[in-house]
Every structure is written in structure tokens, then in C-alpha cells.
Amino acid sequence: MFKQYAVIALTLCCTQVIAQDSKTVIGEAFDTQSNELLYVEKHRYVQGDKHEVKYYDPQGKLFAQKLLNYGDYEQAPEFEQTNDLRGEWIRVTEQGSKIKVEYRETSDAVVFDKRFDVSDDLLVDAGFDRYVKKHWNELVNLKQKRSIDYLVPSRLTTVGFDVSKVDCLAGTVEPAVCFQIAPTSWWVSLAVDPITVAYDPDSHNLLRFNGRGNIASASGSYQTVDIHYQYPNAE
């Protein structure tokens, strides 16, 4: 069971938390132990509220991509993600007051699906970034933890997390504002480390993500990454 929740590892990472004013965003993901570059993610907006993310290995080869669509439920966007390393495939679509999640672990695996009710506390993928922007004033003045439910497509379930304002990790660009996302359940916390995200206090752009990533390696493992974001088009 611990292995199962280690895989949960928040899909809120990376693509997950990025929806910015700049048309192009580049994230470099490093291994937290060796500081080795693992992959580069490139974000851009296409056709209004569509958000495209492409993942490249250190040699520049495209190996995964995602397209998100922020519709009626900004915190729970529709999206489709493919990972060529394993053939992993995820799709989330709106169906009235519900969302439908479809998941395939590898290219030759069975596709499983499940439906969930949409609520103000349900966050999906990069919907976390929209959540931060929408509740910015409340979050920066948090006196106690705030609860959310995060969708974990690979397990067709949701998991409770607490959001709190914390001190930033060493090496974070100043003057950033940082939040921690940690499992609500103590037994889930035994397998899933908290995630720390850093935001620019003026632009509210994501600057750094430190925690379990959302892109599986060729072996199917989800690595702990330290992602630093750049905004080449920002004024």
C-alpha cells in the first residue's frame, strides 16, 4: 500500500502547477540528490485557455506531452497526457457536473476509467496554479492549514492534502512566497513527502517546485525533482 501512495506523489507538479501570464515558460527538472538534469519542460498557451506542455530529455528529444483546456472548472481542467517512454496515457474530460478520468499505464495495458463530482475543493493537475492565483490573498495570510482534494489519475482516486504557507527552501530566489502541500492522512505521509512550491509575490508566477514529479521514467518510477522555472517572454 505504501508503494501505491508513493506513486500518488502529487500530479500537481510541473505542468501541474503552471499557468502563467508569459506565453512561454521553461522548467528545468533536476534530481534532488545528484543535481543531474533529468528533463526540460516547455509550456506555452495556444488558442486562449489551452495550455501545452512538452517534455524533453537532456539530449533534446521529445518524450512526453500534455494539452490542458481550462473550461468551466478552472481548478479541474480537461487534459490529455502521453508518455512515450512507457506508453502511459491519461485523459480527463468534463461531463456536466462531473469529470471522467481515463488511465492506461503502458501502451499494451487496459484503459480504466472513473467519474468524480466537481467541487470547490477538487483540484486537477495544473488547476492547482489557478487555485493559488484565485485564493492568493487568503493563502499568503494563512494562519492555519487549508484542505484540498487532489485527483490522482494513475490510481483513479482523490487524496486529501493540506496547503500551508512555509519558509522557502534554501536556494530559492528572493523574495519568493512559498507554500507546502502535504498529505492530510498520517499513513499516506509515511510514503509521500511534502511538496514545496515558490511563487513570485508580484507576478504570482511559479518559480520553483520541489517534490515528486508527474512524469514516469521508462521503469515506471516517479522521481523526486527540483524544478526551476524561467520566463523568457516576461516583461
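Quick caveat, the model's predicted, so the values are computed rather than measured. For the single chain, residues carry numbers from 1 onward in sequence order.
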Contact check, side chains of Val92 and Asp125, non-hydrogen atoms, under 4.5 Å: no

His204/Tyr199 under ring pair (Phe, Tyr, Trp, His ring centres under 6.0 Å): CA gap, chis, key distance, verdict: CA-CA 6 Å; His204 301 173; Tyr199 278 83; 8.0 Å; no

Min side-chain heavy-atom separation Gln81-Gln65 under 4.5 Å: no

Check: Gly87 main-chain N/O paired with Asn83 side-chain donor or acceptor under 3.5 Å: no

side-chain hydrogen bond (donor to acceptor under 3.5 Å, both in side chains) partners of Lys134, counting only residues at least two apart: none

Shared hydrophobic cluster for Val159 and Val124 (ILVMFWY, side-chain gaps under 4.5 Å): yes

Glu88 and Arg104 ion-paired at < 4.0 Å: no

Heavy-atom closest pair, residues Ile99 and Leu151: CD1-CD2, 4.1 Å

CG on Leu37 to CD on Gln59, rounded to 0.5 Å: 9.0 Å

Shortest non-hydrogen separation from Pro232 to Thr24 and the atoms involved: CD-O, 3.7 Å

Ser164 to Leu142 - nearest heavy-atom pair and separation: CA-CD1, 4.0 Å

Same apolar cluster: Phe128 and Val166, side chain cutoff 4.5 Å: no

Residues, nucleotides or ligands: over 12 heavy atoms within 6.0 Å of Asp167 CG: no

Test item: Asn69 and Pro77 side chains (from C-beta on) under 4.5 Å apart, heavy atoms: no

Transitive ILVMFWY side-chain link Leu85 to Val53, under 4.5 Å: yes

Asp57 atom CG: more than 12 heavy-atom contacts under 6.0 Å: yes

Enclosure of Gln33 CD (heavy-atom neighbours >12, cutoff 6.0 Å): no

Residues which pass side-chain contact (heavy atoms from CB on, under 4.5 Å) with Glu138, listed by chain and number, not counting sequence neighbours: His135, Arg146

Side-chain heavy atoms of Phe209 within contact of Ile195, under 4.5 Å: yes

Between Glu80 and Trp89, a side-chain donor and acceptor under 3.5 Å: yes

Partner residues of Glu94 under the side-chain contact (heavy atoms from CB on, under 4.5 Å) criterion, sequence neighbours left out: Asp72, Tyr73, Glu78

Qualifying residues under side-chain contact (heavy atoms from CB on, under 4.5 Å), relative to Leu156, sequence neighbours excluded: Val101, Tyr103, Phe112, Lys114

Test item: Val163 and Leu139 side chains (from C-beta on) under 4.5 Å apart, heavy atoms: yes

Non-hydrogen side-chain atoms of Ile227 and Tyr39 separated by less than 4.5 Å: yes

Main-chain N/O of Phe161 paired to Thr184 side chain as donor or acceptor, under 3.5 Å: yes

4.5 Å side-chain heavy-atom contact, His228 and Phe30: yes

Nearest heavy-atom neighbours spanning Lys50 and Leu67: CB-CD1, 4.3 Å

Test side-chain hydrogen bond (donor to acceptor under 3.5 Å, both in side chains) applied to Ser217 - qualifying residues, sequence neighbours left out: Ser219, Ser221

Close side-chain approach of Thr32 to Val225, heavy-atom, < 4.5 Å: no

Distance-minimising heavy-atom pair for Thr93 and Arg91: CG2-CG, 3.9 Å

Short side-chain donor-acceptor distance under 3.5 Å, Thr106 and Asp108: yes

Residues Gln95 and Arg115: side-chain donor-acceptor under 3.5 angstrom: yes

Quiz item: cation-pi between Lys98 and Phe116, 6.0 Å / 45°: no

His43 and Tyr229 aromatic ring geometry - parallel, tilted or perpendicular at 30°/60° bounds: perpendicular

Enumerate donor-acceptor pairs with a distance under 3.5 Å from any side-chain N or O in residues 168-182 to protein atoms, sequence neighbours excluded.
{"unit_1": "Thr172", "atom_1": "OG1", "unit_2": "Leu169", "atom_2": "O", "d": "2.8"}
{"unit_1": "Thr172", "atom_1": "OG1", "unit_2": "Arg208", "atom_2": "NH1", "d": "2.8"}

Common cluster, Leu38/Phe63, ILVMFWY with side-chain heavy-atom separation under 4.5 Å: yes

Smallest separation among heavy atoms of Ile90 and Pro153, with atom names: CG2-CB, 3.6 Å

